[in-house]
Amino acid sequence: MAAPVRSGGVQSLARAFALLEGIADAGGTVALSQLAERVRLPPATIHRLLRSLVDLGYVRQERSRQYSLGPRLLRLAGESSKRIGVWARPHLSEAVAQLGESVNLAVLDGDEIVYVAQVQPSTTLMRMFTEVGRRTLPHSTAVGKAILAGSSDDEVLALLHRTGMPRRTEHTVTDPEEFLRRLALTRERGYATDDGEQEVGVRCVAVAVPGAPRPMAMSLSGPTTRMDDATVERAAVVLGDVAGRLGAELGSGSAGVVIA
């Protein structure tokens with residue numbers, strides 16, 4: 001009799017996580033009917049599981065009767081986020097070994113870019129250093145463009161309206177329409193660049209990490225004297241390959257999966 005109990009427990013667990021991911025995919029707050037459409041489970045089943053998640057603090061029911069991700073998830077998310085740099089380091093090191101420049105990993109946290117990991121070359125005399133934990137706005141960074149390229153123009157414009165587009169250097173793009181044109185180019189070629197827009201004399205190239213559980217990008221940065229167009233194009237290929245493998249390792253991979 002133990003096997004059916006275990007099977008049912010595993011199924012319920014899988015369904016509960018599907019609900020949490022469905023709420024996250026909906027932007028963090030969702031109505032029961034919308035959630036049912038996303039996970040394709042009977043409303044009665046969803047309601048039963050949601051009540052358990054609410055009781056545990058992993059889901060919160062709002063006054064609007066919608067459901068949102070609960071505060072107890074913050075502890076899990078915080079501890080998991082600390083591990084991203086550890087998991088990513090071998091991949092970043094591989095890119096550094098092939099390219100000989102500093103490689104960074106950054107995530108979108110709210111409306112800001114946060115650098116969560118960096119690996120520097122051991123042989124290059126002039127290295128680019130970005131402090132892990134540093135926060136900046138997306139519009140002036142290659143990682144920010146690579147991440148925002150995955151959003152709609154309306155979503156990007158809304159973010160830019162909230163943050164503004166402060167000028168970091170004389171090269172920083174401060175016009176929203178021009179920024180959208182840069183994002184269109186990023187989508188077309190598969191990588192983003194920062195040509196002295198964040199720091200004078202530094203050029204960066206970045207790619208999004210596909211399949212990652214949160215918006216994330218990997219970048220290579222170096223002095224403009226070493227980062228010519230050929231270097232940028234080669235770096236984009238290497239970063240794309242490495243980011244793909246990192247994304248597969250981190251991958252949420254469950255969006256759109258039906259759990260019967």
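The environment of R187 atom CZ is dense: over 12 non-hydrogen atoms of other residues, nucleotides or ligands sit within 6.0 angstrom. Open room surrounds CZ on R65; 12 or fewer heavy atoms of other groups in view lie less than 6.0 Å from it.
Contact record, P176 with M165: N-SD, 3.8 Å, taken as the closest heavy-atom pair. Nearest heavy atoms, S221 versus V202: CB-CG1, 4.3 Å. Nearest heavy-atom pair, A142 versus A192, reported as atom, atom and distance to 0.1 Å: O-CB, 3.4 Å. The two residues L20 and L73 come nearest to each other via the heavy atoms CD2-CD1, 4.3 Å. Counting all heavy atoms, side chain and backbone alike, I113 lies closest to P138 at CG1-CA, 3.8 Å. Across all their heavy atoms, I23 and L35 have their closest contact at N-CD1, 3.9 Å.
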> Should D195 and H171 be marked as a side-chain contact (heavy atoms from CB on, under 4.5 Å) after you check the CA-CA gap, both sets of side-chain angles, and the distance that decides it?
Replying inline: CA-CA 7 Å; D195 296 309; H171 305 294; 6.0 Å; no

> Checking salt bridge (Lys or Arg N to Asp or Glu O under 4.0 Å) for the pair D228/R203: CA distance, chi angles, key distance, verdict?
Replying inline: CA-CA 9 Å; D228 57 21; R203 193 178 191 193; over 6 Å; no

>> For a side-chain contact (heavy atoms from CB on, under 4.5 Å) check, start with the C-alpha distance between L246 and L105, then their side-chain angles and the critical distance, and finish with the verdict.
In response: CA-CA 11 Å; L246 174 60; L105 187 70; 3.9 Å; yes

> Between E112 and T136, does a side-chain contact (heavy atoms from CB on, under 4.5 Å) hold up when you go through it step by step?
Replying inline: CA-CA 6 Å; E112 295 180 312; T136 188; over 6 Å; no

> Stepwise, does the side-chain contact (heavy atoms from CB on, under 4.5 Å) test hold for V96 with Q120?
Replying inline: CA-CA 7 Å; V96 170; Q120 295 184 348; over 6 Å; no

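In this structure, the side chain of T169 engages the main chain of G196 through a donor-acceptor pair within 3.5 Å. In terms of modelled atom types and a separation under 3.5 Å, the side chain of Q98 and the main chain of A95 share no donor-acceptor contact. K145 places a side-chain N or O within donor-acceptor distance of the main-chain N or O of T193, the cut-off being under 3.5 Å. In this structure, E233 contributes its side chain and A230 its backbone to no donor-acceptor pair below 3.5 Å.
M216 and V119 fall within a single hydrophobic cluster, where Ile, Leu, Val, Met, Phe, Trp and Tyr side chains are chained together by heavy-atom contacts under 4.5 Å. Taking hydrophobic clusters as Ile, Leu, Val, Met, Phe, Trp and Tyr residues chained together by side-chain heavy-atom distances below 4.5 Å, L137 does not share a cluster with L108.
To the nearest 0.5 Å, atoms OG1 (T29) and CG (L69) are separated by 7.5 Å. Taking CZ of R226 as the start and CG of L99 as the end, the distance is 12.0 Å to the nearest 0.5 Å. One distance of note links CG of D175 with CZ of F179; it measures 11.0 Å at 0.5 Å rounding. Interatomic distance, CZ of R168 versus CD of Q198, reported as 4.0 Å (0.5 Å rounding).
Salt-bridge formation is detected for the pair E178/R182: a Lys NZ or Arg NE/NH1/NH2 atom is positioned less than 4.0 Å from an Asp or Glu carboxylate oxygen. Using a 4.0 Å cut-off between charged side-chain N and carboxylate O, R245 and E94 make a salt bridge.
Side-chain atoms of L180 and V156, non-hydrogen and from C-beta on, do get closer than 4.5 Å to each other. S33 has its side chain out of reach of P43: every pair of non-hydrogen atoms, C-beta onward, lies at least 4.5 Å apart. For the pair Y58/L19, no side-chain contact is recorded, criterion being any heavy-atom separation below 4.5 Å from C-beta on. L92 is not listed as a side-chain neighbour of Q118, based on a closest heavy-atom distance of 4.5 Å or more.
For the 3.5 Å distance criterion, the side chains of D111 and T163 fail to qualify, holding no donor opposite an acceptor. Counting only N and O atoms by type, the side chains of E62 and S68 include a donor and acceptor under 3.5 Å apart. Counted by atom type alone, E197 and H139 present zero donor-acceptor pairs between their side chains at under 3.5 Å.
Checking each of V237, V232, L239 against Y191 for a side-chain contact (heavy atoms from CB on, under 4.5 Å) leaves exactly one that passes, namely V232.
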Output a table of donor-acceptor pairs, distance under 3.5 Å, between side-chain atoms of residues 45-56 and any protein atom two or more places apart or on a different chain; print 'none' if there are none.
{"unit_1": "R51", "atom_1": "NH1", "unit_2": "Q61", "atom_2": "OE1", "d": "3.2"}

